[in-house]
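Since the structure comes first, as structure tokens, the remarks are kept for the end.
Here, residue 1 is the first one in the sequence, and each next residue gets the next number. What you see is a predicted model, and the numbers here were worked out from it, not measured in a lab.
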Amino acid sequence: MLHTHTLAHTAVSITSGSGPVYAANDRGIAEISPWRGTVMRFVARIGAFGAQDVAVDDATGEVFATGVSDDRLYRVDPRTGTVSRSAPQSSLLGSVAVDPLRHRVLATLDTGLVAFDSRTLRVLWTVQVDGFPSDLAVDTSEGTALLATRDSAIIEVTVRGAVLPGLGLPDTALRVATDPARDTDYVGTYGGVDVIRHGRYVRTVAVRGDVADLTVDPTTGHAYAVGTVDGAIGHGYLTELDAAHPRRLAQLRLAGGAIVVGRSAGHIFVGAYPSWRTAPTLYTVGG
């Protein structure tokens, strides 16, 4: 079942997990009802221009965010709205991911990756990589980080910050998600999702449009990708990928292109840009 909701602010990032759902927008962080798909409350303001990416620590319930054009990492206690921030870094931060078992938060830099202690926001290590990082995922079982880069490669960084040789892919790596239990990674590209198992490229699954974002359900092992057709204005397609064949879950009529997908409580959330005629939109699939 597909539900459509209007937002006051565009959701540029939505968390995936088993608990509350949080969205990053141009003010900061908002909490979304996982059942209704509506904004429940505004949690905290982030930086001068709002939040760019957001991730939740399932162990503590804390929310971590990077800001727009910002060189700090932010930690938010959603119960009180208290915001802590790290010291400035050498370059702007981008994507963020949490490794709760090791009390770490990782964030992409313009040319690499930085790891923080989630309890103190102290920098543990910083590494440089080849290629411009476009997205980040963390294998929570091993603690390794996966970086999607614009030069069509996936780069793995170990828990101690060692950079392993990159895996070349057929197309530009835009987004990445991982399923540690099945040792499977998914990489969104222009027009498809590359499947990687046991560190080896397996195949590319065709998806309508350019992949704007993707996520994985660790219970089922299914990946969910959202693609946008006809540029910023047109149709968006939410596709479910399993071991057999891709299955299109929903076709979204987008006034502005799809931007992000998140998951919680058996629901899939897709955030879309506004247009000159419409407000920002949040689609809820499932339930």
Side-chain angles (χ1 to χ4, degrees), residues 11 13-23 32 34 53-59 64 95-101 105-106 108 133-148 154-157 167 169 173-189 192-207 209-227 236-250 258-271 283-287:
S13 175
I14 303 175
T15 60
S16 290
S18 57
V21 181
Y22 299 97
I32 296 174
D53 196 17
V54 63
V56 63
D57 187 331
D58 286 332
F64 294 86
S95 300
V96 63
V98 179
D99 180 10
L101 295 179
V105 181
L106 298 106
T108 59
S134 55
D135 197 21
L136 163 69
V138 174
D139 182 335
T140 54
S141 64
E142 297 182 358
T144 55
L146 295 174
L147 289 175
I154 288 293
I155 296 176
E156 185 174 354
V157 181
L167 174 65
L169 298 173
L174 303 175
R175 294 290 183 265
V176 60
T178 184
D179 180 9
R182 297 164 183 83
D183 199 8
T184 302
D185 308 316
Y186 299 90
V187 183
T189 67
V193 176
D194 293 340
V195 181
I196 302 170
R197 288 198 178 95
H198 310 300
R200 296 184 178 183
Y201 168 80
V202 176
R203 59 173 177 150
T204 298
V205 179
V207 174
D210 301 335
V211 175
D213 198 16
L214 48 79
T215 187
V216 175
D217 186 335
T219 302
T220 64
H222 293 187
Y224 298 89
V226 60
Y237 297 91
L238 178 64
T239 303
E240 180 182 35
L241 293 81
D242 59 17
H245 303 287
R247 180 170 69 98
R248 187 176 300 165
L249 295 181
I259 181 173
V260 65
V261 61
R263 168 196 50 78
S264 182
H267 294 74
I268 306 298
F269 305 96
V270 179
Y283 298 92
T284 305
V285 181

Side chain to side chain contact (heavy atoms under 4.5 Å, CB included) between Val56 and Val98, worked out | CA-CA 7 Å; Val56 63; Val98 179; over 6 Å; no
Would you name the heavy atoms of Gly192 and Val211 that are closest together and state the gap between them?
-> O-CG2, 3.3 Å
Which heavy atom of Ala173 sits nearest a heavy atom of Ser134, and at what distance?
-> O-OG, 2.7 Å
If you look at every heavy atom in Glu240 and Tyr224, which pair is closest and at what distance?
-> OE2-OH, 3.0 Å
Decide side chain to side chain contact (heavy atoms under 4.5 Å, CB included) for Leu169 and Ile196; before the verdict, give the C-alpha distance in whole Å, the side-chain angles of both, and the deciding distance to 0.1 Å.
-> CA-CA 10 Å; Leu169 298 173; Ile196 302 170; 4.1 Å; yes
Which pairs would a plain distance check flag for residues 212-220, meaning a side-chain donor or acceptor within less than 3.5 Å of a matching protein atom at least two apart in sequence or in another chain?
| unit_1 | atom_1 | unit_2 | atom_2 | d |
| --- | --- | --- | --- | --- |
| Asp213 | OD2 | Val261 | N | 3.0 |
| Thr215 | OG1 | Ser16 | OG | 2.9 |
| Asp217 | OD1 | Thr219 | N | 2.9 |
| Thr220 | OG1 | His222 | N | 3.2 |

Nearest heavy atoms of Asp194 and Thr189, plus distance in Å | OD2-CG2, 3.6 Å
Would Val187 and Val193 satisfy side chain to side chain contact (heavy atoms under 4.5 Å, CB included), going step by step from the backbone distance to the final call?
-> CA-CA 5 Å; Val187 183; Val193 176; 5.9 Å; no
Residues at least two apart in sequence or cross-chain that pass salt bridge (charged side-chain N to carboxylate O under 4.0 Å, His left out) with Asp57, listed by chain then number, are none
Taking every non-hydrogen atom, the tightest pair across Val96 and Phe64 = CG1-O, 4.0 Å
How many angstroms lie between CG in Asp135 and OG in Ser95, if you round to the nearest 0.5 Å?
-> 4.5 Å
Heavy-atom side-chain proximity of Val205 to Val195 below 4.5 angstrom | yes
Close side-chain approach of Pro100 to Thr140, heavy-atom, < 4.5 Å = yes
Residues Ile14 and Gly271: closest non-hydrogen pair is CD1-N, 4.1 Å
Thr178 side chain near Tyr186 side chain, heavy-atom distance below 4.5 Å = no
Would you mind telling me which of Asp179, Asp185, Thr184 makes a side chain to side chain donor-acceptor pair (under 3.5 Å) with Arg182?
-> Asp179
Using the side chain to side chain contact (heavy atoms under 4.5 Å, CB included) rule, take Val285 and Leu238 through it: C-alpha gap first, then chi angles, then the decisive distance, then the call.
-> CA-CA 9 Å; Val285 181; Leu238 178 64; 3.7 Å; yes
Can you tell me how far CG of Leu106 sits from CG of Leu136, rounded to the nearest 0.5 angstrom?
-> 6.0 Å
Give a yes or no on whether the backbone of Leu147 and the side-chain of Thr108 come within a donor-acceptor separation of less than 3.5 Å.
-> no
Hey, does the side chain of Thr144 reach the backbone of Asp139 with a donor-acceptor pair shorter than 3.5 angstrom?
-> no
